[in-house]
Amino acid sequence: MEYYNKDRIAAKPAEERITLGIESSCDETAAAILRGGRELLADVISTQVPIHRKYGGVVPEIASRNHILNVLPVVDEALKQADMKLSDIDQIAVTYGPGLVGALLVGVAAAKSLAYALEIPLIGVNHLEGHIFANFLSAPDLKPPFVALVASGGHTALVHVADYDSFRLLGQTRDDAAGEAFDKVARVMGLPYPGGPEIDRLAKEGDLHAIDFPKALAKGGYEFSFSGLKSAVLNYLNSQKLKNIPVNNADVAASFQQTVIAILVDKSLSALRETGLDTLVLAGGVAANSALEAELRQATGAAGYKFFFPSRRMCTDNAAMIACRGYYQSLSRDYEYTPLTLNAVPGLSLSDR
Ligand code: KG4
Ligand code: ZN
């Protein structure tokens, strides 16, 4: 016996199916409603950034508690935006990893309860796949195959997206993620959390070539390493301090950011050349970086490749991308909906599929 009404979902044409997406992997509690795969009817994000800012980063326990307070209100708000009732929802997609375990569990528990009560199917979604799928919402004409550069707070990876349900991981970071490096460097420079947007802003006033920071694994295929770069920035700041030399924060931000961008651009172009694909898609919170977007646009354009990146709102964590990923997952051949035993998987990775 299934927990959901099989006849009801089977009777609804795919392009009319209403998917409720729920996201709670880090410090955003979000709900979104999608018709078919690309028509966004509601998109609600409740951010906890101001709460965590005073601690300089996300405090997992505080994040979980706030997700508990926010998860049903964001679903209610999404229903209101879409002018719908819970009974109009056909299926529920929820992030089950990667992320903070306590935070993930709140979204997963809410989604399972709603699926059970409404007798509708559940779709467990990998958050990183969700980031890639955010591009389908920003670019209605985008279709696989393409190379995706995923750069978020927790992950940095290059993925060959052969089809909506066929991925191959080309390479990923061995240590810190690109966003993590932005956040850590910003923190030692005394900038507020999250550091990415702060460095982005400060870098505009600095000299990209002021300081020569190392590019790790420049020849290392599709693997990335950002922890050495982070240490190099810390060492630079400390040595200037010991020598009583004033530091130009804008130059440090610009030089650091340029180093990260050079690595990301270089490896993305190698991936395009070697896979023979003609399209690059940018995904994850770091995709919101204005200089990264400009350089990737320039480099892909000059080499004759197509380039897509999500709208600013779709770059960072949201539930629309989770609903979109869930929808395409449910369309794939032989797809079996997720059982109600679904658990959070904090260390879930992007793997071949
Ligand atoms: O994808 P995301 O919202 O959350 C994760 O899944 O990790 O990414 C958050 C990361 C943070 O590290 C944040 O500093 C970074 O994205 N970020 C940026 C910018 N906006 C957000 N990094 C560089 N430049 C930005 N403008
Ligand atoms: Zn994310």
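Just follow the structure's listing: the first ligand is 1, and inside any ligand the first atom is 1.
Among all non-hydrogen protein atoms, the one lying nearest atom 22 (N) of ligand 1 is G196 CA, 3.3 Å. Summary of contacts: the protein heavy atom closest to atom 17 (N) of ligand 1 is G285 O, 3.5 Å. Of the protein's non-hydrogen atoms, D317 OD1, 3.4 Å is the one closest to atom 2 (P) of ligand 1. From the protein, the heavy atom lying nearest to atom 9 (C) of ligand 1 is G153 N, 3.7 Å. Of the protein's non-hydrogen atoms, the one nearest atom 26 (N) of ligand 1 is D200 OD2, 2.9 Å. Looking only at protein heavy atoms, the nearest one to atom 14 (O) of ligand 1 is D183 OD1, 2.6 Å. Among protein heavy atoms, the minimum distance from atom 24 (N) of ligand 1 is reached at N289 ND2, 3.0 Å.
Within a 6.0 Å sphere centred on OH of Y116, heavy atoms belonging to other residues, nucleotides or ligands number 12 at most. Counting heavy atoms of neighbouring residues, nucleotides and ligands inside a 6.0 Å radius, atom CZ of R65 does not exceed 12 of them.
Looking at I9 and I120, their side chains never come closer than 4.5 Å, going by heavy atoms from C-beta outward. Proximity of R8 to D90: side-chain heavy atoms (C-beta onward) are separated by under 4.5 Å at one or more points. Side-chain contact between Q298 and F307 is absent, with no heavy-atom pair separated by less than 4.5 Å. Using a 4.5 Å cut-off on side-chain heavy atoms (C-beta onward), I33 and I89 make contact.
Look at R312 and E293 and you find a salt bridge, because one of the NZ, NE, NH1 or NH2 atoms lies within 4.0 Å of a carboxylate O, short of that distance. The pair D43-R313 meets the salt-bridge criterion, since a charged nitrogen lies less than 4.0 angstrom from a carboxylate oxygen.
Near T316, with a cut-off below 4.0 Å to any heavy atom, the atoms of ligand 1 are 3 (O). Close approach of ligand 1 to H127 (heavy-atom distance below 4.0 Å) involves ligand atoms 6 (O).
Backbone and side-chain nitrogen or oxygen atoms of G179 are examined, and one is located within less than 3.5 angstrom of a nitrogen or oxygen of ligand 1. In terms of N/O distances under 3.5 Å, ligand 1 is not approached by E28.
Nearest heavy-atom pair, I322 versus A93, reported as atom, atom and distance to 0.1 Å: O-CB, 3.6 Å. When every heavy atom of P346 is checked against every heavy atom of V101, the shortest pair comes out as CG-CB, 3.8 Å.
Counted by atom type alone, D176 and S227 present zero donor-acceptor pairs between their side chains at under 3.5 Å.
Ligand 1 lies within reach of G154, whose nearest heavy atom is under 4.0 Å from it.
Excluding waters, the protein N/O/S atoms found under 2.8 Å from the Zn ion (ligand 2) are H127 NE2, H131 NE2, D317 OD1.
A centroid separation of less than 6.0 Å is found between the aromatic rings of F136 and Y164.
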